[in-house]
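Taking it in order: structure first as C-alpha coordinates, then the write-up.
Source: prediction; values computed, not measured.
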Amino acid sequence: MLATLLELMPLVLFAAVCGVLMLGYPVALSLAGTALIFAGLGYALVQLGVPVPFESRYLTAMPNRLYGIMTNQTLLAVPLFVLMGVLLEKSRVAETLLDAMALAFGALRGGLGIAVVLVGMLLAASTGIVGATVVTMGLLSLPTMLKRGYSPALATGSICATGTLGQIIPPSIALVLLGDVLSNAYQQAQLAMGVWSPRTLSVGDLFIGALIPGLLLVVAYILFVMVTAWLKPELAPPADRRALMEELGHTGSLWPLLLKGLVPPVLLIVAVLGSILGGFATPTEASAVGAFGAFVLALANRRLTLPILRQVVRSTAQVTSMVFLILIGAAVFSLVFRAFGGEELVTEMFEALPGGVVGATLVVMLVIFLLGFILDFIEITFVVVPIVGPVLLAMGLDPIWLGIMIAVNLQTSFLTPPFGFALFYLRGVTPQSVPTSAIYRGVIPFIVLQLCMLLALALFPGLATWLPSVL
(Lines give C-alpha, C1' and ligand atoms only; values in the text may rest on other atoms or scores of the structure.)
Protein backbone atom coordinates (compact mmCIF):
# COMPACT_ATOMS: atom_id res chain seq x y z
CA MET A 1 0.00 0.00 0.00
CA LEU A 2 2.79 2.43 0.96
CA ALA A 3 4.78 1.51 -2.17
CA THR A 4 1.76 2.24 -4.38
CA LEU A 5 1.19 5.59 -2.66
CA LEU A 6 4.85 6.55 -3.17
CA GLU A 7 4.62 5.67 -6.87
CA LEU A 8 1.52 7.86 -7.21
CA MET A 9 3.15 10.78 -5.40
CA PRO A 10 2.86 13.09 -8.49
CA LEU A 11 -0.92 12.62 -8.48
CA VAL A 12 -1.02 13.20 -4.74
CA LEU A 13 0.91 16.45 -5.30
CA PHE A 14 -1.54 17.55 -7.99
CA ALA A 15 -4.55 16.72 -5.79
CA ALA A 16 -2.98 18.58 -2.85
CA VAL A 17 -2.49 21.72 -4.96
CA CYS A 18 -6.12 21.61 -6.11
CA GLY A 19 -7.26 21.16 -2.52
CA VAL A 20 -5.20 24.12 -1.28
CA LEU A 21 -6.55 26.28 -4.11
CA MET A 22 -10.14 25.36 -3.21
CA LEU A 23 -9.45 26.52 0.34
CA GLY A 24 -8.95 30.00 -1.09
CA TYR A 25 -5.21 30.51 -0.71
CA PRO A 26 -3.37 32.66 -3.31
CA VAL A 27 -2.65 30.68 -6.46
CA ALA A 28 1.05 31.44 -6.85
CA LEU A 29 1.83 30.74 -3.18
CA SER A 30 -0.30 27.59 -3.24
CA LEU A 31 1.60 26.20 -6.23
CA ALA A 32 5.09 27.01 -4.97
CA GLY A 33 4.41 26.34 -1.28
CA THR A 34 2.77 22.95 -1.76
CA ALA A 35 5.45 21.88 -4.23
CA LEU A 36 8.28 22.88 -1.87
CA ILE A 37 6.65 21.02 1.02
CA PHE A 38 6.45 17.86 -1.13
CA ALA A 39 10.03 18.42 -2.30
CA GLY A 40 11.17 18.58 1.34
CA LEU A 41 9.17 15.43 2.09
CA GLY A 42 10.69 13.61 -0.87
CA TYR A 43 14.22 14.62 0.08
CA ALA A 44 13.66 13.52 3.70
CA LEU A 45 12.30 10.13 2.60
CA VAL A 46 15.28 9.57 0.31
CA GLN A 47 17.67 10.38 3.19
CA LEU A 48 15.81 7.89 5.39
CA GLY A 49 16.26 5.20 2.77
CA VAL A 50 12.60 4.99 1.78
CA PRO A 51 12.31 3.89 -1.89
CA VAL A 52 10.52 7.00 -3.14
CA PRO A 53 10.99 7.99 -6.82
CA PHE A 54 12.41 11.46 -6.15
CA GLU A 55 15.26 12.99 -8.17
CA SER A 56 16.51 16.07 -6.31
CA ARG A 57 18.73 17.05 -9.25
CA TYR A 58 15.66 18.58 -10.95
CA LEU A 59 15.57 21.26 -8.27
CA THR A 60 19.03 22.50 -9.31
CA ALA A 61 17.44 23.73 -12.54
CA MET A 62 15.18 26.15 -10.65
CA PRO A 63 17.43 29.27 -10.83
CA ASN A 64 17.86 28.90 -14.61
CA ARG A 65 14.14 28.26 -15.04
CA LEU A 66 13.18 31.40 -13.12
CA TYR A 67 15.76 33.47 -14.99
CA GLY A 68 14.36 32.17 -18.27
CA ILE A 69 10.85 33.25 -17.25
CA MET A 70 11.88 36.78 -16.42
CA THR A 71 13.86 37.20 -19.66
CA ASN A 72 11.26 35.56 -21.96
CA GLN A 73 10.63 37.94 -24.86
CA THR A 74 7.27 36.32 -25.72
CA LEU A 75 5.86 37.01 -22.27
CA LEU A 76 6.70 40.68 -22.68
CA ALA A 77 3.48 40.85 -24.72
CA VAL A 78 1.41 40.25 -21.57
CA PRO A 79 1.92 43.63 -19.83
CA LEU A 80 1.63 45.47 -23.16
CA PHE A 81 -1.67 43.80 -24.11
CA VAL A 82 -2.97 44.39 -20.57
CA LEU A 83 -1.95 48.04 -20.87
CA MET A 84 -3.79 48.28 -24.20
CA GLY A 85 -6.96 46.77 -22.75
CA VAL A 86 -7.01 48.95 -19.62
CA LEU A 87 -6.35 52.10 -21.68
CA LEU A 88 -9.27 51.30 -23.99
CA GLU A 89 -11.51 50.64 -21.01
CA LYS A 90 -10.62 53.93 -19.31
CA SER A 91 -10.87 55.98 -22.51
CA ARG A 92 -14.55 54.96 -22.95
CA VAL A 93 -13.93 53.44 -26.38
CA ALA A 94 -16.19 50.53 -25.45
CA GLU A 95 -19.03 52.83 -24.42
CA THR A 96 -18.91 54.86 -27.66
CA LEU A 97 -18.65 51.68 -29.73
CA LEU A 98 -21.64 50.08 -28.02
CA ASP A 99 -23.76 53.21 -28.49
CA ALA A 100 -22.92 53.29 -32.19
CA MET A 101 -23.72 49.60 -32.71
CA ALA A 102 -26.93 49.80 -30.69
CA LEU A 103 -28.17 52.69 -32.83
CA ALA A 104 -27.13 50.94 -36.04
CA PHE A 105 -28.85 47.61 -35.31
CA GLY A 106 -31.32 48.44 -32.53
CA ALA A 107 -34.30 48.98 -34.86
CA LEU A 108 -34.09 45.35 -36.02
CA ARG A 109 -35.54 42.33 -34.25
CA GLY A 110 -32.76 41.12 -32.00
CA GLY A 111 -30.73 44.14 -33.09
CA LEU A 112 -29.43 44.97 -29.63
CA GLY A 113 -28.35 41.35 -29.21
CA ILE A 114 -26.48 41.49 -32.54
CA ALA A 115 -24.85 44.76 -31.44
CA VAL A 116 -23.72 43.14 -28.18
CA VAL A 117 -22.13 40.21 -30.05
CA LEU A 118 -20.29 42.48 -32.50
CA VAL A 119 -19.09 44.84 -29.79
CA GLY A 120 -18.05 41.88 -27.65
CA MET A 121 -16.02 40.54 -30.56
CA LEU A 122 -14.24 43.88 -31.05
CA LEU A 123 -13.64 44.27 -27.31
CA ALA A 124 -12.29 40.73 -27.14
CA ALA A 125 -9.88 41.55 -29.96
CA SER A 126 -8.96 44.84 -28.25
CA THR A 127 -8.60 43.82 -24.61
CA GLY A 128 -8.24 40.02 -24.61
CA ILE A 129 -9.38 39.88 -20.96
CA VAL A 130 -12.56 37.85 -20.31
CA GLY A 131 -13.49 39.39 -16.96
CA ALA A 132 -13.05 42.96 -18.21
CA THR A 133 -15.18 42.32 -21.30
CA VAL A 134 -18.03 40.64 -19.39
CA VAL A 135 -18.16 43.34 -16.71
CA THR A 136 -17.95 46.18 -19.24
CA MET A 137 -20.69 44.73 -21.44
CA GLY A 138 -22.85 43.97 -18.42
CA LEU A 139 -22.61 47.52 -17.10
CA LEU A 140 -23.13 49.22 -20.46
CA SER A 141 -25.57 47.06 -22.42
CA LEU A 142 -27.65 45.03 -19.96
CA PRO A 143 -29.72 47.97 -18.59
CA THR A 144 -30.58 49.10 -22.14
CA MET A 145 -31.54 45.58 -23.25
CA LEU A 146 -33.77 45.01 -20.23
CA LYS A 147 -35.39 48.41 -20.62
CA ARG A 148 -36.18 47.64 -24.27
CA GLY A 149 -38.05 44.46 -23.34
CA TYR A 150 -35.39 41.82 -23.93
CA SER A 151 -35.68 38.52 -22.13
CA PRO A 152 -33.30 38.56 -19.14
CA ALA A 153 -32.08 35.08 -20.12
CA LEU A 154 -31.28 36.08 -23.72
CA ALA A 155 -29.67 39.36 -22.65
CA THR A 156 -27.43 37.86 -19.96
CA GLY A 157 -26.61 34.77 -22.03
CA SER A 158 -25.45 36.80 -25.03
CA ILE A 159 -23.34 39.09 -22.80
CA CYS A 160 -21.68 36.14 -21.02
CA ALA A 161 -20.98 34.28 -24.26
CA THR A 162 -19.53 37.23 -26.13
CA GLY A 163 -17.47 38.20 -23.08
CA THR A 164 -15.68 34.85 -23.19
CA LEU A 165 -14.64 35.48 -26.81
CA GLY A 166 -11.60 37.16 -25.26
CA GLN A 167 -10.36 33.60 -24.68
CA ILE A 168 -10.17 32.77 -28.40
CA ILE A 169 -10.27 35.98 -30.47
CA PRO A 170 -6.70 37.20 -31.02
CA PRO A 171 -4.79 39.04 -29.68
CA SER A 172 -5.81 37.11 -26.56
CA ILE A 173 -3.64 37.05 -23.44
CA ALA A 174 -4.76 33.44 -22.97
CA LEU A 175 -3.31 32.55 -26.38
CA VAL A 176 -0.06 34.40 -25.59
CA LEU A 177 0.46 32.34 -22.43
CA LEU A 178 -0.80 29.13 -24.03
CA GLY A 179 1.47 29.62 -27.02
CA ASP A 180 4.55 30.01 -24.84
CA VAL A 181 3.76 26.90 -22.79
CA LEU A 182 2.86 24.78 -25.84
CA SER A 183 6.04 25.88 -27.60
CA ASN A 184 8.12 24.44 -24.75
CA ALA A 185 5.94 21.31 -24.64
CA TYR A 186 6.31 20.83 -28.40
CA GLN A 187 10.09 20.99 -28.20
CA GLN A 188 10.10 18.52 -25.29
CA ALA A 189 7.88 16.13 -27.26
CA GLN A 190 10.13 16.26 -30.33
CA LEU A 191 13.28 15.74 -28.29
CA ALA A 192 11.64 12.75 -26.60
CA MET A 193 10.93 11.32 -30.07
CA GLY A 194 14.58 11.76 -31.08
CA VAL A 195 14.08 14.85 -33.23
CA TRP A 196 17.20 16.88 -32.49
CA SER A 197 16.25 19.80 -34.76
CA PRO A 198 12.78 20.47 -33.37
CA ARG A 199 10.28 22.66 -35.17
CA THR A 200 8.99 25.65 -33.26
CA LEU A 201 5.52 26.94 -32.45
CA SER A 202 4.99 30.68 -32.12
CA VAL A 203 2.25 32.69 -30.47
CA GLY A 204 1.54 34.13 -33.94
CA ASP A 205 0.69 30.61 -35.16
CA LEU A 206 -1.94 30.30 -32.44
CA PHE A 207 -3.30 33.77 -33.23
CA ILE A 208 -3.73 32.82 -36.90
CA GLY A 209 -5.19 29.41 -36.04
CA ALA A 210 -7.78 30.98 -33.73
CA LEU A 211 -9.15 33.39 -36.35
CA ILE A 212 -11.48 31.01 -38.21
CA PRO A 213 -12.91 29.24 -35.09
CA GLY A 214 -13.36 32.60 -33.35
CA LEU A 215 -15.18 34.20 -36.29
CA LEU A 216 -17.34 31.08 -36.75
CA LEU A 217 -18.40 31.37 -33.11
CA VAL A 218 -19.34 35.04 -33.65
CA VAL A 219 -21.42 34.09 -36.70
CA ALA A 220 -23.09 31.27 -34.75
CA TYR A 221 -23.98 33.64 -31.89
CA ILE A 222 -25.48 36.21 -34.30
CA LEU A 223 -27.50 33.54 -36.13
CA PHE A 224 -28.85 32.24 -32.83
CA VAL A 225 -29.97 35.73 -31.76
CA MET A 226 -31.58 36.34 -35.17
CA VAL A 227 -33.41 33.01 -35.21
CA THR A 228 -34.60 33.50 -31.63
CA ALA A 229 -35.89 37.00 -32.45
CA TRP A 230 -37.64 35.69 -35.56
CA LEU A 231 -39.32 32.72 -33.83
CA LYS A 232 -40.14 34.56 -30.58
CA PRO A 233 -40.26 38.32 -31.25
CA GLU A 234 -41.30 39.05 -27.68
CA LEU A 235 -37.89 37.88 -26.41
CA ALA A 236 -35.91 40.40 -28.51
CA PRO A 237 -38.20 43.22 -29.74
CA PRO A 238 -36.95 46.01 -32.01
CA ALA A 239 -36.12 49.32 -30.35
CA ASP A 240 -37.33 52.73 -31.45
CA ARG A 241 -34.23 54.41 -32.86
CA ARG A 242 -35.34 57.94 -31.97
CA ALA A 243 -36.09 56.97 -28.35
CA LEU A 244 -32.83 55.05 -28.18
CA MET A 245 -30.87 58.07 -29.40
CA GLU A 246 -32.52 60.27 -26.78
CA GLU A 247 -31.76 57.70 -24.07
CA LEU A 248 -28.12 57.44 -25.10
CA GLY A 249 -27.82 61.21 -25.36
CA HIS A 250 -27.07 61.43 -29.07
CA THR A 251 -28.76 63.78 -31.54
CA GLY A 252 -28.34 64.47 -35.22
CA SER A 253 -26.96 62.07 -37.83
CA LEU A 254 -25.98 58.50 -37.00
CA TRP A 255 -22.93 58.39 -39.30
CA PRO A 256 -20.61 60.63 -37.27
CA LEU A 257 -21.25 58.47 -34.20
CA LEU A 258 -20.62 55.28 -36.19
CA LEU A 259 -17.37 56.66 -37.55
CA LYS A 260 -16.25 57.84 -34.12
CA GLY A 261 -17.21 54.60 -32.37
CA LEU A 262 -16.26 52.00 -34.98
CA VAL A 263 -13.27 53.26 -36.94
CA PRO A 264 -10.68 53.78 -34.13
CA PRO A 265 -10.95 50.32 -32.50
CA VAL A 266 -11.13 48.59 -35.90
CA LEU A 267 -8.01 50.44 -37.07
CA LEU A 268 -6.25 49.45 -33.83
CA ILE A 269 -7.19 45.78 -34.29
CA VAL A 270 -6.09 45.85 -37.93
CA ALA A 271 -2.78 47.43 -36.92
CA VAL A 272 -2.13 44.76 -34.27
CA LEU A 273 -3.34 41.66 -36.13
CA GLY A 274 -2.33 42.94 -39.56
CA SER A 275 1.27 43.41 -38.46
CA ILE A 276 1.32 39.82 -37.18
CA LEU A 277 -0.48 38.22 -40.15
CA GLY A 278 1.60 40.20 -42.63
CA GLY A 279 4.83 39.08 -41.00
CA PHE A 280 5.87 42.64 -40.20
CA ALA A 281 5.98 42.13 -36.44
CA THR A 282 6.08 39.43 -33.79
CA PRO A 283 3.20 39.29 -31.28
CA THR A 284 5.44 41.04 -28.75
CA GLU A 285 6.17 43.87 -31.17
CA ALA A 286 2.51 44.03 -32.19
CA SER A 287 1.53 44.36 -28.53
CA ALA A 288 3.68 47.49 -28.36
CA VAL A 289 1.84 48.82 -31.42
CA GLY A 290 -1.47 48.10 -29.69
CA ALA A 291 -0.46 49.79 -26.46
CA PHE A 292 0.73 52.87 -28.35
CA GLY A 293 -2.48 52.94 -30.41
CA ALA A 294 -4.62 52.73 -27.28
CA PHE A 295 -2.59 55.57 -25.79
CA VAL A 296 -3.29 57.70 -28.89
CA LEU A 297 -7.02 56.88 -28.73
CA ALA A 298 -7.17 57.85 -25.07
CA LEU A 299 -5.48 61.16 -25.91
CA ALA A 300 -7.84 61.76 -28.85
CA ASN A 301 -10.87 61.17 -26.59
CA ARG A 302 -9.40 63.58 -24.03
CA ARG A 303 -9.59 60.90 -21.35
CA LEU A 304 -5.90 60.56 -20.51
CA THR A 305 -5.75 62.63 -17.35
CA LEU A 306 -3.09 62.10 -14.71
CA PRO A 307 -5.46 60.23 -12.29
CA ILE A 308 -6.62 57.92 -15.09
CA LEU A 309 -3.02 57.30 -16.19
CA ARG A 310 -2.17 56.43 -12.60
CA GLN A 311 -5.07 53.92 -12.49
CA VAL A 312 -4.01 52.40 -15.82
CA VAL A 313 -0.41 51.91 -14.73
CA ARG A 314 -1.45 50.48 -11.36
CA SER A 315 -3.92 48.01 -12.93
CA THR A 316 -1.37 46.91 -15.52
CA ALA A 317 1.29 46.38 -12.84
CA GLN A 318 -1.11 44.38 -10.66
CA VAL A 319 -2.24 42.04 -13.45
CA THR A 320 1.31 41.58 -14.79
CA SER A 321 2.70 40.86 -11.33
CA MET A 322 -0.05 38.31 -10.73
CA VAL A 323 0.65 36.53 -14.02
CA PHE A 324 4.42 36.33 -13.49
CA LEU A 325 4.11 35.31 -9.84
CA ILE A 326 1.77 32.49 -10.87
CA LEU A 327 4.21 31.52 -13.62
CA ILE A 328 7.08 31.32 -11.09
CA GLY A 329 4.93 29.22 -8.74
CA ALA A 330 3.94 26.96 -11.65
CA ALA A 331 7.60 26.52 -12.63
CA VAL A 332 8.43 25.33 -9.10
CA PHE A 333 5.46 22.97 -9.17
CA SER A 334 6.47 21.61 -12.57
CA LEU A 335 10.03 20.85 -11.46
CA VAL A 336 8.89 19.05 -8.30
CA PHE A 337 6.27 17.13 -10.31
CA ARG A 338 8.98 15.95 -12.70
CA ALA A 339 11.31 15.15 -9.78
CA PHE A 340 8.73 12.65 -8.52
CA GLY A 341 8.56 11.01 -11.96
CA GLY A 342 5.32 12.69 -12.94
CA GLU A 343 6.08 12.78 -16.68
CA GLU A 344 6.66 9.03 -16.85
CA LEU A 345 3.55 8.34 -14.77
CA VAL A 346 1.34 10.48 -17.04
CA THR A 347 2.81 8.85 -20.16
CA GLU A 348 2.10 5.38 -18.79
CA MET A 349 -1.46 6.35 -17.85
CA PHE A 350 -2.16 7.81 -21.30
CA GLU A 351 -0.70 4.80 -23.09
CA ALA A 352 -2.88 2.49 -20.97
CA LEU A 353 -6.08 4.34 -21.87
CA PRO A 354 -8.37 2.66 -24.42
CA GLY A 355 -8.65 4.45 -27.74
CA GLY A 356 -5.05 5.56 -28.00
CA VAL A 357 -4.53 9.23 -28.79
CA VAL A 358 -8.30 9.83 -29.16
CA GLY A 359 -9.02 8.43 -25.71
CA ALA A 360 -6.14 10.39 -24.16
CA THR A 361 -7.31 13.63 -25.80
CA LEU A 362 -10.89 13.11 -24.59
CA VAL A 363 -9.71 12.51 -21.02
CA VAL A 364 -7.48 15.61 -21.07
CA MET A 365 -10.27 17.78 -22.48
CA LEU A 366 -12.69 16.53 -19.82
CA VAL A 367 -10.18 17.18 -17.02
CA ILE A 368 -9.43 20.71 -18.32
CA PHE A 369 -13.17 21.40 -18.63
CA LEU A 370 -13.78 20.36 -15.01
CA LEU A 371 -10.72 22.23 -13.73
CA GLY A 372 -12.08 25.36 -15.44
CA PHE A 373 -14.71 25.43 -12.68
CA ILE A 374 -12.13 25.98 -9.94
CA LEU A 375 -9.03 27.36 -11.70
CA ASP A 376 -8.55 30.37 -13.96
CA PHE A 377 -7.04 29.94 -17.45
CA ILE A 378 -3.65 31.14 -16.17
CA GLU A 379 -3.37 28.36 -13.60
CA ILE A 380 -4.58 25.70 -16.05
CA THR A 381 -2.16 26.95 -18.72
CA PHE A 382 0.83 26.93 -16.40
CA VAL A 383 0.03 23.81 -14.35
CA VAL A 384 -1.95 21.34 -16.47
CA VAL A 385 -0.72 22.00 -20.00
CA PRO A 386 3.01 21.48 -19.20
CA ILE A 387 2.08 18.08 -17.73
CA VAL A 388 -0.17 16.72 -20.50
CA GLY A 389 1.11 18.76 -23.46
CA PRO A 390 4.41 16.92 -24.16
CA VAL A 391 2.68 13.53 -23.89
CA LEU A 392 -0.17 14.41 -26.26
CA LEU A 393 2.14 16.11 -28.76
CA ALA A 394 4.48 13.09 -28.69
CA MET A 395 1.42 10.99 -29.65
CA GLY A 396 1.17 12.95 -32.91
CA LEU A 397 -1.28 15.81 -32.23
CA ASP A 398 -0.81 19.11 -34.04
CA PRO A 399 0.25 21.78 -31.50
CA ILE A 400 -1.86 24.53 -33.11
CA TRP A 401 -4.95 22.32 -33.14
CA LEU A 402 -4.35 21.28 -29.52
CA GLY A 403 -3.94 24.92 -28.42
CA ILE A 404 -7.17 26.03 -30.10
CA MET A 405 -9.06 23.03 -28.66
CA ILE A 406 -7.84 23.89 -25.15
CA ALA A 407 -8.81 27.56 -25.60
CA VAL A 408 -12.34 26.78 -26.85
CA ASN A 409 -12.73 24.12 -24.15
CA LEU A 410 -11.83 26.62 -21.41
CA GLN A 411 -14.17 29.17 -22.98
CA THR A 412 -16.98 26.60 -22.71
CA SER A 413 -16.03 25.79 -19.12
CA PHE A 414 -16.15 29.47 -18.12
CA LEU A 415 -19.76 29.59 -19.42
CA THR A 416 -21.05 26.41 -17.78
CA PRO A 417 -23.28 26.64 -14.65
CA PRO A 418 -22.98 26.65 -11.75
CA PHE A 419 -19.26 27.49 -11.47
CA GLY A 420 -18.42 29.28 -14.72
CA PHE A 421 -16.23 32.34 -14.11
CA ALA A 422 -18.12 34.45 -16.66
CA LEU A 423 -21.35 33.82 -14.72
CA PHE A 424 -19.77 35.14 -11.52
CA TYR A 425 -18.43 38.22 -13.31
CA LEU A 426 -21.85 39.06 -14.75
CA ARG A 427 -23.74 38.26 -11.54
CA GLY A 428 -21.64 40.89 -9.81
CA VAL A 429 -22.98 43.68 -12.05
CA THR A 430 -26.49 42.37 -12.74
CA PRO A 431 -29.52 44.00 -11.03
CA GLN A 432 -31.12 41.97 -8.26
CA SER A 433 -34.33 41.87 -10.34
CA VAL A 434 -32.57 39.40 -12.68
CA PRO A 435 -32.43 36.00 -10.95
CA THR A 436 -29.34 33.83 -11.21
CA SER A 437 -31.46 31.10 -12.80
CA ALA A 438 -32.13 33.43 -15.76
CA ILE A 439 -28.38 33.79 -16.33
CA TYR A 440 -27.98 30.01 -16.19
CA ARG A 441 -30.83 29.46 -18.67
CA GLY A 442 -29.47 32.12 -20.96
CA VAL A 443 -26.02 30.60 -21.41
CA ILE A 444 -27.21 27.04 -22.19
CA PRO A 445 -27.81 27.63 -25.95
CA PHE A 446 -24.40 29.26 -26.24
CA ILE A 447 -22.78 26.31 -24.44
CA VAL A 448 -24.37 24.04 -27.06
CA LEU A 449 -22.86 26.22 -29.80
CA GLN A 450 -19.46 25.99 -28.08
CA LEU A 451 -19.70 22.20 -27.91
CA CYS A 452 -20.63 22.11 -31.59
CA MET A 453 -17.49 24.14 -32.32
CA LEU A 454 -15.37 21.68 -30.32
CA LEU A 455 -16.93 18.80 -32.29
CA ALA A 456 -16.32 20.62 -35.58
CA LEU A 457 -12.67 21.19 -34.63
CA ALA A 458 -12.31 17.52 -33.71
CA LEU A 459 -13.82 16.36 -37.02
CA PHE A 460 -12.23 19.04 -39.19
CA PRO A 461 -8.83 19.99 -37.71
CA GLY A 462 -8.20 22.16 -40.77
CA LEU A 463 -10.43 24.82 -39.22
CA ALA A 464 -7.50 25.59 -36.93
CA THR A 465 -4.50 24.42 -38.98
CA TRP A 466 -5.30 25.49 -42.57
CA LEU A 467 -4.78 29.23 -42.25
CA PRO A 468 -1.42 28.97 -40.40
CA SER A 469 -0.18 26.54 -43.05
CA VAL A 470 -1.14 28.98 -45.82
CA LEU A 471 0.35 32.06 -44.18
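Here OG1 of Thr282 is found 9.0 Å from CG of Leu76. Values are rounded to the nearest 0.5 Å. Of the inter-residue distances, the one linking Ile406 atom CD1 with Ser413 atom OG reads 13.0 Å to the nearest 0.5 angstrom. Rounded to the nearest 0.5 angstrom, Leu142 CG and Lys147 NZ are separated by 13.5 Å. The CE atom of Met405 sits 14.5 Å away from atom CD1 of Ile400, with the distance rounded to the nearest 0.5 Å.
The backbone N or O of Ala155 sits less than 3.5 Å from a side-chain atom of Ser158, completing a donor-acceptor pair. The backbone N or O of Val181 sits nowhere less than 3.5 Å from a side-chain atom of Asn184 that would complete a donor-acceptor pair. Judged by distance alone, with hydrogens and angles left aside, the side-chain atoms of Ser287 form a donor-acceptor pair with the main-chain N or O of Thr284 at under 3.5 Å. Remark: side-chain polar atoms of Gln411 are not paired, donor with acceptor, to backbone N or O of Ala407 under 3.5 angstrom. Judged by distance alone, with hydrogens and angles left aside, the side-chain atoms of Ser334 form no donor-acceptor pair with the main-chain N or O of Ala330 at under 3.5 Å. Side chain of Thr164 to backbone of Ala161: a donor-acceptor contact under 3.5 angstrom is found. Not a single donor-acceptor pair under 3.5 Å links the side chain of Thr162 to the backbone N or O of Gly120.
Taking the ring pair (Phe, Tyr, Trp, His ring centres under 6.0 Å) definition, one finds that Phe324 meets it with nothing, sequence neighbours left out.
The 12-atom threshold is exceeded at OH of Tyr440, counting heavy atoms of other residues, nucleotides or ligands nearer than 6.0 Å. Shown here is Met226, whose CE atom has no more than 12 heavy atoms of other residues, nucleotides or ligands within 6.0 Å. In Phe369, the CZ atom is crowded: over 12 heavy atoms of neighbouring residues, nucleotides or ligands sit closer than 6.0 Å.
Residue Val364 is tested with Leu397, Leu392, Ile387 for a side chain to side chain contact (heavy atoms under 4.5 Å, CB included); the sole match is Leu392.
For the residue pair Asn409 and Thr412, no side-chain donor N or O sits within less than 3.5 Å of a side-chain acceptor on the partner.
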field: Val383 vs Phe333, side-chain contact (heavy atoms from CB on, under 4.5 Å): CA-CA, chis, key distance, verdict
entry: CA-CA 8 Å; Val383 177; Phe333 169 84; 3.4 Å; yes
- request: Run the numbers on Leu31 and Phe382 for side-chain contact (heavy atoms from CB on, under 4.5 Å), then give the verdict.
  value: CA-CA 10 Å; Leu31 290 172; Phe382 290 154; 5.8 Å; no
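At a threshold of 4.5 Å between non-hydrogen side-chain atoms, the residues Thr156 and Arg427 do not count as touching.
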Compile the donor-acceptor pairs under 3.5 Å between side chains in residues 452-469 and protein atoms, sequence neighbours left out, one pair per line.
{"from": "Thr465", "atom 1": "OG1", "to": "Pro461", "atom 2": "O", "distance (Å)": "3.1"}
{"from": "Ser469", "atom 1": "OG", "to": "Thr465", "atom 2": "O", "distance (Å)": "3.4"}
{"from": "Ser469", "atom 1": "OG", "to": "Trp466", "atom 2": "O", "distance (Å)": "2.5"}

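The six-membered or imidazole ring of Phe224 lies near that of Phe446, with a centre-to-centre distance under 6.0 Å.
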